[in-house]
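All remarks here apply to the structure that follows.
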Amino acid sequence: MKYMKKSISELHEDLKQGTVTSEELINESLKLSHALQEECNAFVTILDDAKPVNITDSLLSGIPYGVKDNYSTKGILTTGSSNTLKDYVPFYTATSVLNLEKEGAVPVNKTVLDEFGMGGTGTTGHTGVVLNPWDKTRMCAGSSAGSAAAVAAGVYPYALGSDSGDSIRKPAAYCGIVGFKPTYGLISRYGLFAYASSLDHCGCFARNVRDIAIVIDAMKGIDKNDMTSWDSSNIHLNNDLTDEVSGKKLCYIKELCNIENYPNASEELKNHLLNFKETLRKCESIGLTVEEVSIDKKILDAIPSVYNVIAFAEATSNMSNLTGFIFGPRGEGDNYADMMKDHRTKGFSSLIKRRFIIGSYVLQAENQERYFINAQRVRRLIVDKIKELFTKYDGLILPVGTGPAKKLDGSTIVNEEEIALDEHLQIGDFGGFPSITIPNGFINGLPVGVNITGNCYDDQNVLNIAYALEKTMDYKDQIAPILGGGDSE
């Protein structure tokens, strides 16, 4: 039996009983890491020298996990999946990773991402494309592609991700697992490579909701190195996890969820929305009230543009230190300007360079009012509208994307009227809202997901609703069959 198929609680019990050792778990996870690397290219670095630890009462002690390669890890290569940092070895470790280390968690690899977290495909990392373990002709989405693929393939029970637009929650859907980003500041961002600071969230993947609660409990905490973190010492997500949600109220947005809004819908999208309607009935079966709400389509259609302007502007500022002088390979040239230009021209992918150009343009003095400041105004309109819903509802429930994972060859097309449906998860980052994706069945043998988003600081409520809904389904702890012995539909 493969131990890595088990949940965190099951592994902890096995370790405490002496059924298995930490060393055996690590060796199994490393073996699976190398196997998945051959199949899906999920890792930048595999830590073959990972060492076992003493088993304590901590649920995470001795259990392997994966770290997205934009989390700083002292003495371990940390590239951000970019050629500009292809040889960078940090001198400090991210606070959230240190928190896991204190619990005895054992990192066994660093996972591939879209370069510096900028992208939603898992195809722009400097080590190459990450393939979906359910179907290698499909993408994992991004940017946390490697982490999602590894958890889905059963390499370990959980892995770290980051989310600035939908970079945990959409890969979770495409890979048939659970992905959660908590309220902004619940987990310190110190040591996470900054992409868009007002949008960046730390979070994680697992194969069930309880494992998510266990990991986030360990990662969270106020941090003097991150002024946006806050005191969550009174929050105990795992201990307070319950499926008693009767009387809670959810809403969904009819402009996104009603099939008549999509005259050119593919069969995958039609089935995806039918699947979602069935999930709403499951919500009602456990005592949840579900109501339809309406939001002006103009506001919904603005979401991707607002995200692009704000994220690209913040990225341009955050990554201005990548010059090749402080760290990274030194560029060539006769003077510092030419050396810096050479470093950035050769080091960044074309996607990143396009985003920097847009970010620089919208930040120019003559353009700020029209683009950057206006985008901030529309962001506020969107957040205020969602917060207004949260005065009446405990959560917003929506399908993730337009169906299963898109094809890597680009043949899966999102029609113009579908863009808001494909990009709505960015709302969670605009408002810093806690937001979770859980598996929601299969379409043509490929997993799809459903998302629940709640009000800030209401992480427990969001997890409880997801936990209760998960129990009505048959997709908990599912594993892609790519490495053998997995679960498939």
Side-chain angles (χ1 to χ4, degrees), residues 37 40-45 68-72 77-88 110-132 138-149 161-168 170-171 174 192-197 199-200 304 307-333 338-363 405-410 412 423:
Q37 184 67 358
C40 294
N41 189 43
F43 311 113
V44 178
T45 304
K68 187 176 178 180
D69 206 36
N70 59 346
Y71 283 79
S72 182
L77 182 69
T78 305
T79 69
S81 283
S82 175
N83 276 318
T84 60
L85 294 179
K86 63 183 180 180
D87 300 316
Y88 174 60
K110 299 295 293 290
T111 64
V112 178
L113 58 145
D114 281 303
E115 187 174 5
F116 288 123
M118 286 190 251
T121 60
T123 64
T124 67
H126 76 300
T127 54
V129 175
V130 181
L131 308 181
N132 192 307
R138 305 259 180 165
M139 65 179 62
C140 293
S143 62
S144 308
S147 290
S162 61
D163 193 310
S164 306
D166 54 24
S167 293
I168 291 173
K170 188 175 281 184
Y174 281 8
L192 177 75
F193 290 176
Y195 161 24
S197 300
L199 302 171
D200 295 344
Y307 171 80
N308 288 343
V309 171
I310 294 173
F312 299 174
E314 293 186 9
T316 300
S317 176
N318 278 327
M319 296 181 192
S320 61
N321 64 338
L322 298 175
T323 61
F325 299 125
I326 307 171
F327 33 65
R330 186 68 59 89
E332 298 177 356
D338 288 344
M339 292 169 70
M340 181 168 61
K341 180 179 178 181
D342 182 71
H343 167 78
R344 291 174 71 89
T345 299
K346 293 178 179 176
F348 293 122
S349 68
S350 58
L351 173 72
I352 299 298
K353 285 184 278 193
R354 287 197 299 272
R355 292 191 174 199
F356 286 166
I357 290 169
I358 294 170
S360 298
Y361 180 78
V362 302
L363 286 176
K406 296 179 177 66
K407 287 185 175 291
L408 286 164
D409 64 10
T412 312
E423 303 291 345

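Only heavy atoms go into these numbers, but all of them, side chains included; no hydrogens, no water, no symmetry mates.
Under the 3.5 Å distance criterion, with hydrogens and angles disregarded, no donor-acceptor pair is assigned to the side chains of Tyr71 and Lys110.
Using cut-offs of 30° and 60° on the angle between ring planes, the pair Tyr307 and Phe312 is perpendicular. Below 30°, between 30° and 60°, or above 60°: for Phe116 and Phe193 the angle between ring planes is between 30° and 60°, a tilted geometry.
No side-chain heavy atom of Thr111 sits under 4.5 Å from any side-chain heavy atom of Val130. Two residues are said to be in side-chain contact when any heavy atoms from C-beta on lie closer than 4.5 Å; Leu408 and Val129 meet this criterion. You'll find the side chain of Phe356 reaches within 4.5 Å of the side chain of Met118, heavy atoms only.
Counting only distance, with no hydrogens or angles, the side chain of Asp200 and the backbone of Ala196 share a donor-acceptor pair below 3.5 Å. Listed for the Lys353 side chain is a donor-acceptor partner under 3.5 Å among the backbone atoms of Thr345. The main-chain N or O of Gly324 is found under 3.5 Å from a side-chain atom of Arg330 such that the two form a donor-acceptor pair. The backbone N or O of Thr123 lies less than 3.5 Å from a partner atom in the side chain of Asp114, making a donor-acceptor pair. Under a 3.5 Å cut-off, the side chain of Asn41 and the backbone N or O of Thr127 do form a donor-acceptor pair. Ser81 places a side-chain N or O within 3.5 Å of a backbone atom of Leu113 that can act as its donor or acceptor partner.
Partners of Ser162 under the side chain to side chain donor-acceptor pair (under 3.5 Å) rule, at least two apart in sequence or in another chain, are Lys68, Asn70.
We find the OG1-CG distance between Thr121 and Leu351 to be 7.5 Å, quoted to the nearest 0.5 Å. From Lys170, atom NZ reaches atom OG of Ser143 across 12.0 Å, with rounding to the nearest 0.5 Å. To the nearest 0.5 Å, the span separating NZ on Lys407 from CE on Met139 amounts to 11.0 Å. One distance of note links CG of Asn132 with SG of Cys140; it measures 4.5 Å at 0.5 Å rounding. With rounding to the nearest 0.5 angstrom, the CG atom of Asp69 is 9.5 Å from the CG atom of Leu85. Separating the OG atom in Ser164 from the CG atom in Leu192 is a distance of 7.5 Å, to the nearest 0.5 Å.
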Inset, instruction - Please report the C-alpha distance between Glu115 and Thr124 in whole Å, then the side-chain angles of each, then the deciding distance to 0.1 Å, and finally whether the side chain to side chain donor-acceptor pair (under 3.5 Å) criterion is met. - result: CA-CA 6 Å; Glu115 187 174 5; Thr124 67; 5.5 Å; no

| request: Walk me through it: do Thr84 and Arg344 pass the test side chain to side chain contact (heavy atoms under 4.5 Å, CB included)? | output: CA-CA 7 Å; Thr84 60; Arg344 291 174 71 89; 6.0 Å; no

Side chain to side chain contact (heavy atoms under 4.5 Å, CB included) evaluation trace for Met339 with Asp342 | CA-CA 5 Å; Met339 292 169 70; Asp342 182 71; 5.8 Å; no

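Contact detail for Val112 and Gly128: the closest heavy-atom pair is CG1-O, 4.2 Å. When all heavy atoms are compared, the tightest approach of Ala42 to Ala149 is CB-CB, 4.4 Å. Closest heavy-atom contact between Ser144 and Pro171: O-CB, 4.2 Å.
Within the structure, the side-chain hydrogen bond (donor to acceptor under 3.5 Å, both in side chains) test picks out the following pairs touching residues 318-329 (sequence neighbours left out): Ser197-Asn318.
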